[in-house]
Undergrad: 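My structure is below; once you've seen it, I'll send some questions.
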Amino acid sequence: MMDEHAIHHLPVTEGGALHGILSDRELRVARRSRATEAGVTVGEVCRLEPLVVDLNAGLDDVVSTMAARYVSAALVTREGKLCGILTTTDVCRLLAELLRAGAPPDVVA
């Protein structure tokens, strides 16, 4: 389903609470290492303790945290509810727009 919809990250919930994040990379690794096992669950292959940020968090802080934690996505919440996922692809698109627009160096530095 992720391939069909060109989605690379999915939030994982447990009891309505954010529990982890599943990326296409984790799925590829799981397929290779556990290809012959039956009954492998999402909970066994997802990344636990995902980076969860508030919608109003500063983008510079979120991106710095993503880099420091070596994560490719942050789960974005509003009033404790999931409202989106920020990915490194999203950040790269924004950076490209800023560079094309001729943003001053202090904005993109």
Undergrad: Can you check side chain to side chain contact (heavy atoms under 4.5 Å, CB included) on Arg47 and Leu22, steps first, answer last?
TA: CA-CA 6 Å; Arg47 182 181 187 120; Leu22 180 65; over 6 Å; no
Undergrad: Strictly distance-based, threshold 3.5 Å: is any side-chain N or O of Thr13 a donor or acceptor partner for the main-chain N or O of Gly16?
TA: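 The answer is no, because no donor-acceptor pair under 3.5 Å joins these two groups.
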Undergrad: Between Thr77 and Leu55, does a side chain to side chain contact (heavy atoms under 4.5 Å, CB included) hold up when you go through it step by step?
TA: CA-CA 6 Å; Thr77 61; Leu55 180 65; over 6 Å; no
Undergrad: How long is the gap from CD on Glu4 to CE on Met2, to the nearest 0.5 Å?
TA: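 If I round to the nearest 0.5 Å, the distance is 12.5 Å.
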Undergrad: Could you tell me the separation between the CG atom of Leu94 and the CG atom of Leu98, rounded to the nearest 0.5 Å?
TA: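 CG of Leu98 is found 4.5 Å from CG of Leu94.
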Undergrad: Has Arg69 got more than 12 heavy atoms of other residues, nucleotides or ligands less than 6.0 Å from its CZ?
TA: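 Count over threshold, so yes.
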Undergrad: Residues in side-chain contact (heavy atoms from CB on, under 4.5 Å) with Val63, at least two apart?
TA: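 Per chain and number, Val63 pairs via side-chain contact (heavy atoms from CB on, under 4.5 Å) with Leu59, Val91.
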Undergrad: Is any side-chain heavy atom of Thr88 less than 4.5 Å from a side-chain heavy atom of Met66?
TA: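 Yes, at least one pair of side-chain atoms sits under 4.5 Å.
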Undergrad: When you look at His9 and Ser72, which way does the side chain to side chain contact (heavy atoms under 4.5 Å, CB included) test go after all the steps?
TA: CA-CA 9 Å; His9 299 86; Ser72 60; 3.0 Å; yes
Undergrad: If you compare all heavy atoms of Leu51 against all heavy atoms of Val62, which two are closest, and at what distance to 0.1 Å?
TA: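 Nearest pair, atom of Leu51 first, then Val62: CD2-O, 4.3 Å.
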Undergrad: Just do the side chain to side chain contact (heavy atoms under 4.5 Å, CB included) check on Thr87 and His8 with the steps written out, would you?
TA: CA-CA 9 Å; Thr87 69; His8 301 282; over 6 Å; no
Undergrad: How is the hydrophobic cluster of Leu18 composed, in terms of its other members, when Ile, Leu, Val, Met, Phe, Trp and Tyr link through side-chain heavy atoms under 4.5 Å apart, directly or indirectly?
TA: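 Reading the cluster by chain and number, Leu18 sits alongside Ile21, Val52, Leu75, Leu82, Ile85.
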Undergrad: Could you check whether Ser64 and Asp61, counting side-chain N and O atoms only, form a donor-acceptor pair closer than 3.5 Å?
TA: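 On atom types as modelled, these side chains do not qualify, holding no pair under 3.5 Å.
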